[in-house]
Amino acid sequence: MSVISLLQECTVASLSKLYQKPFTSKDFQVNQTKPEFEGDYTVVLFSLVKSLKLSPDAIGQQLGAELLASYPGYFSAFNLIKGFLNITVKDDFWTGLLEKHYNDTGYGKRARNGRKVMVEYSSPNTNKPLHLGHLRNNFLGWSVAEILKANGYEVIKSCIVNDRGIHICKSMIAWQLFADGATPQSTGIKGDHFVGDYYVRFNDAYKQQVEVLVEGGMTKEEAEKEAPIMKATQQMLLDWEAGKPEVMELWKTMNGWVYAGFDVTYKRIGSDFDKTYYESDTYLLGKDIVQQGLDKKVFYQKEDGSIWIDLTADGLDEKIVQRKDGTSVYITQDIGLALQKYEQYGIDQSIYVIGNEQNYHMKVLQLICQKLGMPNAGNIFHLSYGMVELTTGKMKSREGTVVDADDLVEEMIATSRKHTEELGKVKDFTPDELTVLYETIGLGAMKFYLLRVDPKKTMVFNPEESIDFHGFTGPFIQYTHARIKSILRKMETEPSPTTERSAPEVSLFKAEKELLVILEQYPTVLEQSCQEHDPSVLANYIFGLAKQFNSFYSEHSVANAENPEKKILRTKLSQMTAHVLKSGMQLLGIGVPDRM
RNA sequence: GGUCCGGUAGCUCAGUUGGAUAGAGCAUCAGCCUUCUAAGCUGAGGGUCAUUGGUUCGAAUCCAAUCCGGAUCACCA
């Protein structure tokens, strides 16, 4: 049990005893005490004033005294300032926590709870390489999945690849027209970039053709429809749907190039999936559901044959689920896939990591699933995240203002190499060790940068300033971990009996206790970041812990502690901090080096 | 126009179901390496929490209105 719930329970009991009536933990608030005051946690008394008809001061005095009298094992002091009852938790409690967990690498994690969750994330289009926005999605999805695991869920990471449709046909047409048989192999260009280049070529050519047609007297709208390259693309889409062999052949080949490229990127950034769906397999799903929905009268048919759902009662609009020609629309296959996920895996919850531009779409999807009476439809959760924008505005692939994922990764690794070389602390590393270190630090900086922000919020990336390695960053935390490891290496070589129990009467300095107070919160933070599907909660916490450790580090020496008890205490403190830093960073997908 | 999201220091961001004098990092300035890694530590300056009103012991937080920015409302995906 966390200190905060402990204090809540003790307060409830004390209040009931003092005033002879029932209380719950909701009758008052417990906060962490502000640093400028004496104490660890604070009971806010104002909310009790009315019902007890007593002054905050009177309640505080009585409650404080009662807490100390009834729970001498937990609380050692209290003070009362303007309606805030500040409680000091006994040093024994903190050292007891340390004894219990200093060598516990699983600290904060929970046992299996028997629940199964699917996290769908990444979901790229196969016509262009990954960019910064995809990175946010990938890091978020991966981290949320790991956080769920740490909280006892069984997790299936999934990905739906948007491998068919007009977008990939654009790249295919452009390749036919302009490539002259070139391949990634013949040009030495990574497959996803190679295909992406033809997507750009398509847009250039298209734009040019539209201009010519407009000059010839067409309206822009007409020209956009009539441009030969666009017509060819639409024909190709029809040919694809008809299964025309040479189109299928080209489609497979070009997607193959893209996948080869994606594989490299995914491997490097650490994304992995238990199940990959392909839209070419799923785009026909949901058709029979439409019929069932019609029978259940959830959907209705218009005279022209198109099928709709009326969501106006739910504050939304009417939404089409099948075209008049009988073909399905985007949402139809989503319904089908949603059902398939439940049927295949028996999941309790289905999480979709998708940008907030699709909030409406996802709302519609969930609503339809619910109205169709699909199992666990209420547990569809759209983890909606904000766009990554640049200081110059939004990223637009057509205007070439996207930050490419591979480029950014390279840049981060190069920067980490530069910093590391300048500092010159790892000159004895082998080339292989150095490669690993540079990647760990560079990727760590990038991942932390994207994960430390509340997922829901739009965030701004400034490409002019590279991502920082100081302050509230991944490398700061990695560095803190490396520092601790350095201490622990030193301790190992000494005959110091670190397994011996430290004297319980050893009193704690402020910096030592502060560290324990933060360490104690880790399980709670882990749970919170899980409930809120929010890795930034964890990231902020880890930073606070690392900061506190550095503060402690500069104030107190571990190796040259005042006495053996302190030396043991601080060694354990360092050890536990290292474990929590490592565990927390691991859940963000970031490694922590032993030296850097 | 309807719906939804956002607006906190020069910049990037925290700020728990309302709680003490609104916090970090970067940037700026001033200190700290003969002592466990200075990718660090300590301190200073920097705020009309978009605006106005309301709710109450108390509001960045809740409510209403207004201003600004964004997303979305396709027989596109």
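These numbers were taken from a predicted model, which means no experiment stands behind them. Lettering follows sequence order; numbering is per chain, from 1.
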Sequence neighbours excluded, which residues qualify as side chain to side chain contact (heavy atoms under 4.5 Å, CB included) partners of A174(A)? F178(A), Y198(A), R201(A), F202(A)
For V44(A), which contact category applies under a 4.0 Å heavy-atom criterion: base, sugar-phosphate, or nothing? base
Can you check the F28(A) CZ to rU16(B) C1' distance for me, whole Å? 16 Å
If you look at every strand shown and take non-hydrogen atoms under 4.0 Å, does Y330(A) touch a base, only sugar-phosphate, or nothing? base
Any base atoms under 4.0 Å from K82(A), or only sugar-phosphate, or nothing? Heavy atoms, all strands. sugar-phosphate
Which atom pairs link the protein and nucleotides 36-38 of chain B when you take only N or O atoms and keep those under 3.5 Å?
unit_1: rC36(B); atom_1: O2; unit_2: V558(A); atom_2: N; d: 3.3
unit_1: rC36(B); atom_1: O2; unit_2: A559(A); atom_2: N; d: 3.0
unit_1: rC36(B); atom_1: N3; unit_2: V558(A); atom_2: N; d: 2.9
unit_1: rC36(B); atom_1: N4; unit_2: Y553(A); atom_2: O; d: 2.6
unit_1: rC36(B); atom_1: N4; unit_2: H556(A); atom_2: O; d: 2.4
unit_1: rU37(B); atom_1: OP1; unit_2: S486(A); atom_2: OG; d: 2.1
unit_1: rU37(B); atom_1: OP2; unit_2: S486(A); atom_2: OG; d: 3.1
unit_1: rU37(B); atom_1: O2'; unit_2: Y479(A); atom_2: OH; d: 2.3
unit_1: rU37(B); atom_1: O2'; unit_2: R483(A); atom_2: NE; d: 2.9
unit_1: rU37(B); atom_1: O2; unit_2: K425(A); atom_2: NZ; d: 2.6
unit_1: rU37(B); atom_1: N3; unit_2: M596(A); atom_2: O; d: 2.9
unit_1: rU37(B); atom_1: O4; unit_2: M596(A); atom_2: N; d: 3.1
unit_1: rA38(B); atom_1: OP2; unit_2: R483(A); atom_2: NH2; d: 2.5

Would you mind classifying the nucleic acid contact of T42(A) as base, sugar-phosphate or nothing, using non-hydrogen atoms under 4.0 angstrom? base
Can you check the distance between rU72(B) and rA77(B), where both ends of the measurement are the P atom (answer in whole Å)? 16 Å
Under 4.0 Å, counting only non-hydrogen atoms across every strand here, what does E532(A) touch: a base, just sugar-phosphate, or nothing? nothing
Regarding D314(A), tell me which of base, sugar-phosphate or nothing describes its non-hydrogen contacts under 4.0 Å with the strands shown. nothing
Counting runs of three or more consecutive pairs, Watson-Crick or G-U wobble, with each distance below 3.5 Å, where are the stems of RNA chain B? B:1-7 with B:67-73, B:10-13 with B:23-26, B:28-32 with B:40-44, B:50-54 with B:62-66
Look at all strands and tell whether I441(A) reaches a base, only sugar-phosphate, or nothing, counting heavy atoms closer than 4.0 Å. base
So K547(A), base contact, sugar-phosphate only, or nothing? Heavy-atom distance under 4.0 Å. sugar-phosphate
Write out a two-atom table: protein N or O, nucleotide N or O from nucleotides 30-32 of chain B, distance below 3.5 Å.
none

When you measure only distances, ignoring hydrogens and angles, does the side chain of S536(A) come within 3.5 Å of the base of rA14(B) through a donor and an acceptor? no
Do K510(A) and E38(A) sit within salt-bridge range, that is, some charged N less than 4.0 Å from a carboxylate O? no
Taking atom types as they are modelled, would you say the side chain of D304(A) forms a donor-acceptor pair with the base of rC75(B) within the 3.5 Å cutoff? yes
When L45(A) and K50(A) are each assigned the nearest nucleotide of RNA chain B, the 5'-most assignment goes to L45(A)
Base, sugar-phosphate, or nothing: which does K26(A) touch, judged by heavy atoms less than 4.0 Å apart? nothing
note: I331(A), atom CD1; rC73(B), atom C1'; distance rounded to Å ~ 13 Å
Contacts table for residues 360-367 of chain A: side-chain donor-acceptor under 3.5 angstrom, sequence neighbours left out:
unit_1: Y360(A); atom_1: OH; unit_2: D317(A); atom_2: N; d: 3.4
unit_1: Y360(A); atom_1: OH; unit_2: D317(A); atom_2: OD2; d: 2.6
unit_1: H361(A); atom_1: NE2; unit_2: D334(A); atom_2: OD2; d: 2.7
unit_1: Q366(A); atom_1: NE2; unit_2: A377(A); atom_2: O; d: 3.2
unit_1: Q366(A); atom_1: NE2; unit_2: G378(A); atom_2: O; d: 3.4
unit_1: Q366(A); atom_1: NE2; unit_2: I380(A); atom_2: O; d: 3.1

What do you reckon, do F46(A) and the base of rG19(B) stack, with centroid distance below 5.5 Å and planes below 30°? yes
Check for me: is F37(A) stacked on rA20(B) by the 5.5 Å centroid and 30° plane-angle rule? yes
Please confirm whether H167(A) and Y199(A) have ring centers closer than 6.0 angstrom. no
Spacing of the C1' atoms in rU8(B) and rA59(B) (rounded, Å): 14 Å
Roughly, in whole Å, what's the span from CD in E36(A) to C1' in rG19(B)? 13 Å
Using a 4.0 Å heavy-atom cut-off, does F476(A) contact any base of the nucleic acid, only the sugar-phosphate backbone, or nothing at all? sugar-phosphate
Within the sub-3.5 Å range, which N or O atoms of nucleotides 68-71 of chain B have a protein N or O partner, and how far apart are they?
unit_1: rG70(B); atom_1: O3'; unit_2: K394(A); atom_2: NZ; d: 3.0
unit_1: rA71(B); atom_1: OP1; unit_2: K394(A); atom_2: NZ; d: 2.1

